[in-house]
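This report refers to the structure that appears directly beneath it.
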Protein chains: 2
Amino acid sequence: MTSAPSHAVMTAAVEAYVSAFDAGDAAAAAALYAPGAVIEDPVGSPVVTGEGVLALYANAMTRGLKLELTGPIRTAGDSAAFPFRIHYPPTAERRCIDVIDTFRFDAQGRVIEMRAFWGPDNIQFSRENQTHA
Amino acid sequence: MTSAPSHAVMTAAVEAYVSAFDAGDAAAAAALYAPGAVIEDPVGSPVVTGEGVLALYANAMTRGLKLELTGPIRTAGDSAAFPFRIHYPPTAERRCIDVIDTFRFDAQGRVIEMRAFWGPDNIQFSRENQTHA
């Protein structure tokens, strides 16, 4: 087993990830990744890598997405897992999505693999909200 | 991509998993797994498989562990991820652990891979509790 970063290092990376969304800063989110890192979002879809990483976050920031952690960050070995809710702008049809991400880190504390667990049943739509209002 | 079980099937398996702990039923927990399934608990430790699966749950049930889901079950492709808290009996030194598990399923809805994300920083001890009391 290669040396893994500490809980503090992995937790700081997750918090920097949330902050990048707060600031709408795609480059800050992409900078958490090592070269050659792969993103599978959602799990089961084709992986994104290389220049696709920054493009993915540029798209998310343009759409005004914000992340809210909804529980403690778990760390194990070279990995972290964290539950959060994605909030959309009030004008969007999607209201929020409940997601769990896993980050796998290299020894330098850079993310080498991200996997996002969420599906259609984890999305709440504004329409549903209106129906229940 | 092989056919994945539905959100309902994967969610039911997670709920059955929690119920198995409620009932202290190790066989019920182990029965959710396909033959040859692998458990990595925590992530980064040697995998458990075969007869080790039932032994793992027999040990957990003997210790009186209970699971409480602490957020929605996420499903994506052939996988589920869920946040929960493990509660220990009042007599135990460990009070609780915050964990995220991921389950990967085969087409029949049986778990073929479980990975548990938790580490020392996710454990709360009774001693700490007393210190703060």
Side-chain angles (χ1 to χ4, degrees), chain A residues 1-15 39-47 67-86 95-107 112-124, chain B residues 1-15 39-47 67-86 95-107 112-124:
Chain A
M1 184 173 165
T2 57
S3 68
S6 68
H7 174 80
V9 165
M10 294 191 281
T11 298
V14 172
E15 289 169 350
I39 294 178
E40 187 180 353
D41 182 4
V43 167
S45 63
V47 299
L67 265 51
E68 175 199 5
L69 289 176
T70 54
I73 300 163
R74 283 74 157 176
T75 59
D78 61 0
S79 296
F82 52 102
F84 62 98
R85 178 165 275 192
I86 298 177
R95 194 162 65 93
C96 60
I97 311 180
D98 287 306
V99 183
I100 285 174
D101 275 5
T102 60
F103 281 176
R104 188 173 177 196
F105 293 87
D106 66 13
I112 54 175
E113 182 191 65
M114 186 275 253
R115 306 184 77 215
F117 294 79
W118 65 275
D121 290 278
N122 301 122
I123 304 172
Q124 291 178 262
Chain B
M1 187 173 161
T2 58
S3 68
S6 67
H7 174 80
V9 165
M10 293 190 281
T11 298
V14 172
E15 289 168 350
I39 295 178
E40 187 181 353
D41 182 3
V43 166
S45 64
V47 300
L67 266 49
E68 174 200 6
L69 290 176
T70 53
I73 300 163
R74 283 73 157 175
T75 59
D78 60 0
S79 296
F82 52 101
F84 62 98
R85 179 165 275 191
I86 298 178
R95 194 162 65 94
C96 59
I97 311 180
D98 288 306
V99 183
I100 285 174
D101 274 6
T102 60
F103 281 176
R104 188 174 176 194
F105 293 87
D106 66 13
I112 55 175
E113 183 191 66
M114 185 275 252
R115 306 184 78 216
F117 295 78
W118 65 274
D121 290 280
N122 300 121
I123 304 172
Q124 291 178 261

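By convention in this document, chain letters (A, B, ...) are assigned in the order of the sequence lines, proteins followed by strands, and residues within each chain are numbered from 1.
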### Query
Would you find a donor on one side and an acceptor on the other, under 3.5 Å apart, between the side chain of A:Thr70 and the backbone of A:Pro83?
yes

### Task
Using atom types as modelled and distance alone, determine if a side-chain donor or acceptor of B:Arg104 lies under 3.5 Å from a backbone N or O of B:Thr102.
no

### Message
Is A:Ile73 close to chain B through its backbone or its side chain, or both, or neither, when contacts mean heavy atoms under 4.5 Å?
### Response
backbone

### Query
Can you find a heavy atom in the side chain of A:Met10 that is under 4.5 Å from one in the side chain of A:Asp78?
no

### Message
Quick check: do B:Phe103 and B:Met114 have side-chain heavy atoms less than 4.5 Å from each other?
### Response
yes

### Message
Report which part of B:Ala8 has an atom under 4.5 Å of a heavy atom belonging to chain A: side chain, backbone, both, or neither.
### Response
neither

#### Entry: chain A interface, residue from B:Ala116, B:Pro72, B:Gly71, B:Pro42 that has the most non-hydrogen pairs under 4.5 Å
B:Pro72

### Message
Can you tell me which portion of B:Thr11 sits under 4.5 Å from chain A's heavy atoms? Options are side chain, backbone, both or neither.
### Response
neither

### Heavy-atom pair count under 4.5 Å with chain B, highest-scoring of A:Ser79, A:Pro120, A:Ala81
A:Ala81

### Message
So B:Leu67 and B:Ile86, do their side chains get closer than 4.5 Å, heavy atoms only?
### Response
yes

### Message
So for A:Asn122, is it side chain, backbone, both, or neither that comes closer than 4.5 Å to the heavy atoms of chain B?
### Response
side chain

